[in-house]
Amino acid sequence: MKDQAMMNRREALKTITLAGVGIATATSLNTALAQAATGPHTLPALPYDFAALEPVIDAQTMQIHHGKHHAAYVANLNKALADYPELAKKPVDELIKDMAAIPEKIRTAVRNNGGGHANHSLFWKLLTKPETSQAHGKITEAIVEKFGSFETAQEQFTKAAMSQFGSGWAWLSLDKNKQLVIEATANQDSPLMHGHYPLAGLDVWEHAYYLKYQNRRADYVEAFYALLNWDFLEERYLKAIG
Ligand code: MN3
């Protein structure tokens, strides 16, 4: 079973590395990768084509980011949970909310890979084609109310993204009092791990932007704002504040 899964995964990865993988193959590739996982966690399909976020994020970056990096977090999370059926039943967001409850033996693996799986699953849904991104809703009102202006909020978010040394994420979250906060986390840590609720996150690991932006993280961060799916963000915000 394991060998079969490994082989499926190897086949799927081989497909990715072929030059010029077309948009038409995106769905079948996602399916292959999802099947290659041994579960209980699976790689969610992207809600759009690999090329949908061009020119801000290029198709090749999306293919590798989703099909290799995110897929690896899922596979390694499953591997860590293999001997813990009770923990394996939990949805990933629930699992990483209470890191103290995770046995020490697998805590680091769950923190890194569970965090990675949760963060990326949110990240893909948060993005949309640049031409369809339009700020609106209660979330934009709440941002202006909290930070004084949209521009100020954006400046603070950019600062959080830029001052994260090394790999990590910048976040717009709700704190324990359901107040908006801008924060950053290292590695694959999620705001869920310190009692916050992530609304929007920006991946500032180099694997998220290096092919197109190289060392120009600032350009990537600025470009990211044009990709925000405000419909999704509004929905997530309204659900969270209840
Ligand atoms: Mn990433």
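Here the structure is a predicted model, which means the values were calculated and not measured. Residue numbers run from 1 in the order of the sequence given. Both counts, for ligands and for their atoms, begin at 1 and track the order of listing.
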Peer 1: Keeping E54 on the side-chain end and A59 on the backbone end, is there a donor-acceptor pair under 3.5 Å?
Peer 2: yes
Peer 1: Specify whether Y73 and H207 have parallel, tilted or perpendicular ring planes, treating 30° as the upper limit for parallel and 60° as the lower limit for perpendicular.
Peer 2: tilted
Peer 1: Rounded to the nearest 10 degrees, what's the angle NE2 of H207 makes with NE2 of H120 at the Mn ion (ligand 1)? Could you check?
Peer 2: 140°
Peer 1: Should the pair W124 and H120 be assigned to parallel (<30°), tilted (30 to 60°) or perpendicular (>60°) ring geometry?
Peer 2: tilted
Peer 1: Strictly under 2.8 Å, is the Mn ion (ligand 1) approached by any N, O or S atom of H70?
Peer 2: no
Peer 1: Using only N, O or S atoms, tell me which atom of D203 is closest to the Mn ion (ligand 1).
Peer 2: OD2
Peer 1: Do R107 and E104 meet the salt-bridge criterion of a basic N to acidic O distance under 4.0 Å?
Peer 2: no
